[in-house]
Amino acid sequence: MRNNDGLIRIREALNIIKPAERNAANYILEHPEEAVRLSIKELSERSGSSQAAIIRLCKNIGVSGFQDLKLRVAGNLQTSELSNYNNTEISSGEKVSSIMDIISQKNIQSIEQTLKILDLSSVEKAIEALDKANRIDFYGAAASQVIAQDAQQKFLRINKYCTAFEDAHLQLTSSVTLTEKDVAVGISYSGETRHVNSSIENAKKNNATVITITRYGKNTLSEIADIPLYVSSVESELVRSAATASRMAQLNIIDILFTGVASRSYDSTLYYLNKTREVLQKEFRNPHKG
């Protein structure tokens, strides 16, 4: 974990922490420069949260204590990342130039912030499991299903047998046929997509290794996982239906996992990438354009 991820951890946890903890969380987000200079007693008095609630906040966002949290927030400030936490919404009649800037910046920020909360050892374990897997099942719904299909296309290119069924019935059916030699990857930003969670639970019962990609914080899907991976997203609830920034962060994780697996068998990877590219070009390239 990085040591400049305090504000990211707090912001991503806002929807899952209790109101008493949220008071302190919001105060830190609104006054980060001040918060790093306060004692836990002073923060309690200014935010209206009890000292016990602040300690629970630290525990719930995965830091060792209030001092650790202040160091991580200070790291945010030193890297000039405070602006990442002020989400700019697109308004009616927005200029195209503004849309280009806003959406691009959100996507960039989502990837950068995700890198700060991605645990290196978990990524290494995920790559190891995927590399050794006899079969990989990717499960997702709606926008997350697009991520699953992207993963399937990538891993098939290097001769890794995998599925990414769009139909929920097929996902559930496939999940009960996995074994301890296989890997199931559940993709859901919320971590609360019913049939994806059920598929992952089935895979877990069959002793398959379970990897999940969800939003940062407590959710049902990541709690099932052997290897939970988390994304950070700068989009607000107002634009969540578009799943824009979170999708980019999820795709980036898939690219990291794919490249990690591919690099482990470099010669074999090149062989299959060339072989699959040749067959696709032969079938789909316009013969009149060479």
Side-chain angles (χ1 to χ4, degrees), residues 2 107-108 110-166 170-171 174-175 178 181-189 191 193 196 199-200 203 208-216 221-222 225-233 243-281 284:
R2 279 63 170 180
N107 288 339
I108 292 168
S110 184
I111 291 173
E112 289 179 341
Q113 292 178 17
T114 293
L115 285 176
K116 288 178 171 50
I117 59 174
L118 264 183
D119 181 63
L120 176 60
S121 64
S122 295
V123 174
E124 290 174 337
K125 289 176 184 177
I127 290 171
E128 175 79 12
L130 291 166
D131 183 48
K132 292 182 176 180
N134 282 359
R135 175 176 130 205
I136 307 167
D137 274 13
F138 295 99
Y139 306 123
S144 292
Q145 174 58 25
V146 176
I147 312 299
Q149 291 178 344
D150 177 77
Q152 181 192 35
Q153 290 187 37
K154 285 183 167 66
F155 281 90
L156 279 176
R157 289 285 307 275
I158 59 172
N159 199 33
K160 294 297 295 184
Y161 177 62
C162 54
T163 72
F165 295 116
E166 185 174 359
L170 288 176
Q171 290 185 33
S174 185
S175 68
L178 294 173
K181 297 180 181 180
D182 303 321
V183 171
V185 182
I187 307 169
S188 169
Y189 179 77
T193 306
V196 173
S199 296
I200 288 296
T209 299
V210 169
I211 300 169
T212 59
I213 302 175
T214 70
R215 63 171 172 78
Y216 179 77
L221 186 58
S222 65
D226 298 304
I227 309 171
L229 302 176
Y230 299 101
V231 301
S232 172
S233 171
T244 52
S246 61
R247 185 183 69 244
M248 297 305 296
Q250 289 173 325
L251 284 169
N252 194 56
I253 289 181
I254 293 297
D255 285 348
I256 290 170
L257 298 177
F258 167 74
T259 305
V261 172
S263 67
R264 284 178 162 238
S265 305
Y266 186 71
D267 291 338
S268 174
T269 293
L270 286 182
Y271 170 77
Y272 284 112
L273 284 176
N274 287 329
K275 191 172 184 179
T276 54
R277 182 176 64 251
E278 288 172 2
V279 72
L280 292 173
Q281 288 180 341
F284 296 107

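Scope of the values below: all heavy atoms of this structure, side chains included, with no hydrogens, waters or symmetry mates. Computed from a predicted structure; not experimentally measured. If you read the sequence from its start, that first residue is 1, and numbering goes on from there.
Residues Met248 and Ser110 have side chains not in contact (no heavy-atom distance under 4.5 Å, counting atoms from C-beta outward). Within the 4.5 Å cutoff, the side chain of Thr214 has heavy atoms near those of the Tyr230 side chain.
Here Phe138 pairs with Phe155 under the ring pair (Phe, Tyr, Trp, His ring centres under 6.0 Å) rule; sequence neighbours left out.
Each of Leu130, Asp137, Thr212, Val210 was checked for a side-chain contact (heavy atoms from CB on, under 4.5 Å) with Val185, and the lone residue meeting it is Leu130. With Ile227 as reference, Ile211 is the one residue of Ile127, Val123, Asp119, Ile211 to meet the side-chain contact (heavy atoms from CB on, under 4.5 Å) rule.
Considering CD of Gln113 and OH of Tyr216, their distance stands at 12.5 Å, rounded to 0.5 Å. Separation of atoms CG (Leu257) and CG (Asn252) is listed at 10.0 Å; rounding is to 0.5 Å. A distance of 9.5 Å separates OG in Ser199 from CG in Leu178, rounded to the nearest 0.5 Å. Taking CD of Gln149 as the reference point, atom CD1 of Ile187 lies at 10.0 Å (rounded to 0.5 Å). Of the inter-residue distances, the one linking Asp226 atom CG with Lys125 atom NZ reads 10.0 Å to the nearest 0.5 angstrom. Atom OH in Tyr271 sits 9.0 Å away from atom CG in Asn159 (nearest 0.5 Å).
Glu166 places no side-chain N or O within 3.5 Å of a backbone atom of Val146 that could act as its donor or acceptor partner. Although no hydrogens or angles enter the test, the distance criterion places a donor-acceptor pair under 3.5 Å between the side chain of Asp182 and the main chain of Arg135. Ser174 places no side-chain N or O within 3.5 Å of a backbone atom of Leu170 that could act as its donor or acceptor partner. Side-chain atoms of Gln171 come within 3.5 Å of backbone N or O of Gly140 as a donor-acceptor pair. Counting only distance, with no hydrogens or angles, the side chain of Thr276 and the backbone of Leu273 share a donor-acceptor pair below 3.5 Å.
What you find for Val183 and Ala133 is that their closest heavy atoms are CG2-CB, 3.6 Å. Across every non-hydrogen atom of Val231 and Ala249, the tightest pair is CB-CB, 3.9 Å. Listed here is the closest heavy atom pair of Thr209 and Ala129: CG2-CB, 4.0 Å. In plain terms, the two heavy atoms of Thr269 and Ala262 that are nearest each other are OG1-O, 2.7 Å. Among all heavy-atom pairs drawn from Tyr189 and Gln250, the shortest one is N-NE2, 3.7 Å. Looking at every heavy atom in both residues, Glu128 comes nearest to Lys132 through OE2-CE, 2.5 Å.
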Starting from the C-alpha separation in whole Å, work towards a yes-or-no answer on side chain to side chain contact (heavy atoms under 4.5 Å, CB included) for Leu118 and Leu229. CA-CA 7 Å; Leu118 264 183; Leu229 302 176; 4.3 Å; yes

Under the side chain to side chain contact (heavy atoms under 4.5 Å, CB included) rule, what do Thr193 and Tyr139 come out as? Steps first, then yes or no, please. CA-CA 10 Å; Thr193 306; Tyr139 306 123; over 6 Å; no

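The environment of Lys154 atom NZ is dense: over 12 non-hydrogen atoms of other residues, nucleotides or ligands sit within 6.0 angstrom.
Salt-bridge annotation for Glu112 and Lys116: absent, with no side-chain N of the basic residue lying under 4.0 Å from a carboxylate O of the acidic one.
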